[in-house]
Amino acid sequence: MPVRKFKKLTRAFYNRPTLEVAPDLLGKYLVYNSPRGKLSAKIVEVEAYIGQDDPACHAARGLTKRNAVMFGPPGVAYIYFVYGMYYCLNFVTEPEGIPAAVLLRAAEPAEGEDIMRQLSPGKNGCDLLNGPGKLCRSFGLTRDQNGLDLIDDYMYLEDRAVVIAEIGQSSRVGVKVGKDRRWRFYDRISKAISK
DNA sequence: TGAATGATGCGCT
DNA sequence: GCGCATCATTCAT
């Protein structure tokens, strides 16, 4: 058994109402044992997408090949391709059968920043991860990692007992429908918030 | 500092 | 074809 300094989040963490999971994710660490080496980052901005009644959710029009992971068990990575060149990383929430997920929008680099710089040439520090597309590029995440179980050691979330002093809340970025749902949560102190 | 726009490919109508 | 849970660049103020 590997010695763990910090606690890995269990499936029970994700198997809850999405609006409880989303703010809880702030301050947690995303750890990815990538082929290039270990990467980690502190989560500072997320958005919730919940079920078939949420018009901005990919699952609003039912089950498709693309969004199938969201209908599956919680604690799984949902990664999709968008705008012809970017990927976005989500964490599936709620019991199996309920399509919901939390989009990871921004984080602060912790371990493996040199690897992130290789993947995103010309970027440094917070500019490496301050947006969902850039985050996936700097972590080297693609469709290949879609469906990864976050309970395994390949990629997971870790509780390093960080407390977020001020949590902000707002409408979600880049969505045209469902603006009344203020389901974006972010660390007001962080300098790594997306633009 | 903010608005407009092009890059780019895939899934859905 | 159209629209997209984006980003970097350009142009205007």
Side-chain angles (χ1 to χ4, degrees), chain A residues 14 17-19 21-26 28 30 41 43-72 74-94 98-109 113 116-148 150 155 157 167-187 190-195:
Chain A
Y14 306 95
T18 310
L19 291 178
V21 177
D24 276 0
L25 286 169
L26 299 177
K28 300 296 189 291
L30 172 67
I43 296 171
V44 298
E45 181 180 349
V46 298
E47 285 178 0
Y49 289 86
I50 312 172
Q52 313 217 18
D53 294 333
D54 175 7
C57 181
H58 284 170
R61 283 170 227 263
L63 174 67
T64 67
K65 200 171 189 175
R66 181 200 198 199
N67 65 26
V69 171
M70 276 215 275
F71 286 81
V76 172
Y78 168 47
I79 301 177
Y80 64 88
F81 185 68
V82 72
Y83 293 123
M85 47 174 74
Y86 298 108
Y87 294 93
C88 291
L89 170 63
N90 301 251
F91 307 123
V92 176
T93 58
E94 315 252 2
I98 299 178
V102 178
L103 168 69
L104 178 51
R105 286 197 59 87
E108 296 174 4
E113 188 176 329
M116 299 180 205
R117 277 200 291 262
Q118 289 172 23
L119 293 165
S120 294
K123 294 285 191 294
N124 284 295
C126 290
D127 284 342
L128 286 162
L129 305 175
N130 63 344
K134 289 195 279 188
L135 194 147
C136 282
R137 189 180 57 193
S138 296
F139 263 64
L141 297 172
T142 69
R143 221 190 318 276
D144 291 345
Q145 281 75 40
N146 186 37
L148 267 191
L150 302 170
M155 180 162 68
L157 267 58
I167 294 180
Q169 194 172 353
S170 77
S171 296
R172 292 170 290 184
V173 176
V175 303
K176 291 188 168 61
V177 288
K179 274 210 154 62
D180 52 313
R181 293 167 163 90
R182 304 184 70 225
W183 289 351
R184 170 174 175 256
F185 302 90
Y186 59 99
D187 176 354
S190 175
K191 295 185 179 66
I193 299 304
S194 67
K195 299 282 191 296

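Proteins get letters first, then strands, A, B, ... in listed order; numbering begins at 1 in each.
- Heavy atoms of A:Lys134 sit under 4.0 angstrom from primed sugar atoms or phosphate atoms, though from no base atom.
- The distance from atom CG of A:Asn146 to atom C1' of B:dC10 is 14 Å, rounded to the nearest whole Å.
- Of the options A:Val69, A:Leu89, A:Asn90, a side chain to side chain contact (heavy atoms under 4.5 Å, CB included) to A:Ile79 is made by A:Leu89 and by none of the others.
- The A:Met85 side chain lies nearest to B:dT8 when the options are C:dA8, C:dT6, B:dT8.
- Across the protein-nucleic acid pair, A:Ile79 atom CD1 and C:dA5 atom C1' stand 14 Å apart, rounded to whole Å.
- Looking at heavy atoms from C-beta onward, A:Arg181 lies in side-chain contact with A:Pro55 at the 4.5 angstrom threshold.
- Contact check, A:Arg105 against C:dT6: a side-chain N or O comes under 4.0 Å of OP1 or OP2.
- The separation between A:Asn67 atom CG and C:dC4 atom P is 16 Å, rounded to whole Å.
- Closest approach to the A:Arg61 side chain among B:dC10, B:dT13, C:dC4 is made by B:dT13 (side chain taken as heavy atoms from C-beta onward).
- B:dG11 atom C1' lies 11 Å from atom CZ of A:Arg143, rounded to whole Å.
- Listed nucleotides: C:dA5, C:dA8, C:dT6. Nearest to the side chain of A:Val173: C:dT6.
- Heavy atoms of A:Gly84 sit under 4.0 angstrom from at least one base atom.
- Taking the side chain as every heavy atom from C-beta outward, A:Glu45 and A:Leu135 never approach each other to under 4.5 Å.
- Here the side chain of A:Phe81 is nearest to one of C:dT6, B:dC10, C:dA8, namely B:dC10.
- Applying the 5.5 angstrom centroid cut-off and the 30 degree plane-angle cut-off, the aromatic ring of A:Tyr80 is not stacked upon the base of C:dA5.
- Regarding A:Lys65, its NZ atom lies at a distance of 10 Å from the P atom of B:dC12, rounded to whole Å.
- Pair check for C:dG1 finds B:dC12; Watson-Crick or G-U wobble, both atom distances under 3.5 Å.
- Between the CG atom of A:Asn90 and the P atom of C:dT6 there is a distance of 11 Å, given to the nearest Å.
- Among the atoms of the strands shown, only primed sugar atoms or phosphate atoms (P, OP1, OP2) are found under 4.0 Å from some heavy atom of A:Arg137.
- One interatomic measurement links the two molecules: CG of A:Asp127 to C1' of C:dT6, which rounds to 15 Å at whole-angstrom precision.
- At whole-Å resolution of the value, OH in A:Tyr83 and C1' in C:dC2 are 13 Å apart.
- You'll find the side chain of A:Phe139 reaches within 4.5 Å of the side chain of A:Leu129, heavy atoms only.
- At the phosphate of C:dC7, neither OP1 nor OP2 sits under 4.0 Å from any side-chain N or O atom of A:Lys123.
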Please walk me through it: do A:Phe91 and A:Val21 pass side-chain contact (heavy atoms from CB on, under 4.5 Å)?
-> CA-CA 10 Å; A:Phe91 307 123; A:Val21 177; over 6 Å; no
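- Contact annotation: A:Lys176 reaches the phosphate of C:dC4 (side-chain N/O to OP1 or OP2, under 4.0 Å).
- Across all strands shown, B:dT1 forms a Watson-Crick or G-U wobble pair with C:dA12, both key distances being under 3.5 Å.
- Remark: A:Thr64 is in phosphate contact with B:dC12, judged by side-chain N or O atoms under 4.0 Å from OP1 or OP2.
- A cation-pi arrangement is present between A:Arg143 and A:Phe81, with the terminal nitrogen or guanidinium carbon under 6.0 Å from the aromatic centre and inside a 45° cone about the axis.
- Taking 4.0 angstrom as the limit, A:Tyr86 places none of its side-chain polar atoms (N or O) nearer than this to OP1 or OP2 of C:dT6.
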